[in-house]
Amino acid sequence: MKITTIFTRAALLALLVTPLSSMAASSFDKAVKEATAEIDKAKAVGFEWRDSRKLLKKAAKAEKSGKHAEAMKLVAKAKKQGTLAVAQAHDQKNAGPH
């Protein structure tokens, strides 16, 4: 009787964990798409920062290794770099010698 209970609990746990991991993957994919869009905007105005896409590659490796929280932080940092690069482009569009 106890073995049956253990197997039942293990099966239920497996059912609960599977959707969580697929949700994490979909949120990661969505975050990467958003970050890539911001970096592409920066590239379009000629201000893509050197490390932005490198951060996305590191994030992908972290996600593949099961380090979801670390991966999400790296993606957020890459997205922020894209946003800041666009702001920098707007701030410096009329820059020149004084």
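Numbers here simply count residues along the sequence, with the first being 1.
Within the 4.5 Å cutoff, side-chain heavy atoms of Asp51 are placed close to those of Lys54. Proximity of Lys73 to His68: side-chain heavy atoms (C-beta onward) are nowhere separated by under 4.5 Å. Looking at Val75 and Phe28, their side chains come closer than 4.5 Å, going by heavy atoms from C-beta outward. No side-chain heavy atom of Gln81 sits under 4.5 Å from any side-chain heavy atom of Ile39. Under the 4.5 Å side-chain criterion, counting only non-hydrogen atoms from C-beta, Thr36 is in contact with Leu56.
Between Glu38 and Lys41 there is a salt bridge, since at least one side-chain N of the basic residue sits less than 4.0 Å from a carboxylate O of the acidic one. With salt bridges taken as basic N to acidic carboxylate O contacts below 4.0 Å, one links Asp40 and Arg53.
Side chain of Ser52 to main chain of Glu48: no donor-acceptor pair is present (N/O by atom type, distance under 3.5 Å, no hydrogens or angles).
Between Ser27 and Met72 the shortest heavy-atom distance is O-CE, 4.0 Å. Between Ala59 and Ala71, the closest heavy-atom pair is O-CB, 3.3 Å.
In this structure, the separation between CG on Leu74 and NZ on Lys61 is 11.5 Å, given to the nearest 0.5 Å. Put simply, OG1 on Thr83 and CD on Glu34 are 10.0 Å apart, with the number rounded to the nearest 0.5 Å. Taking CZ of Phe47 as the reference point, atom CD of Gln92 lies at 5.0 Å (rounded to 0.5 Å).
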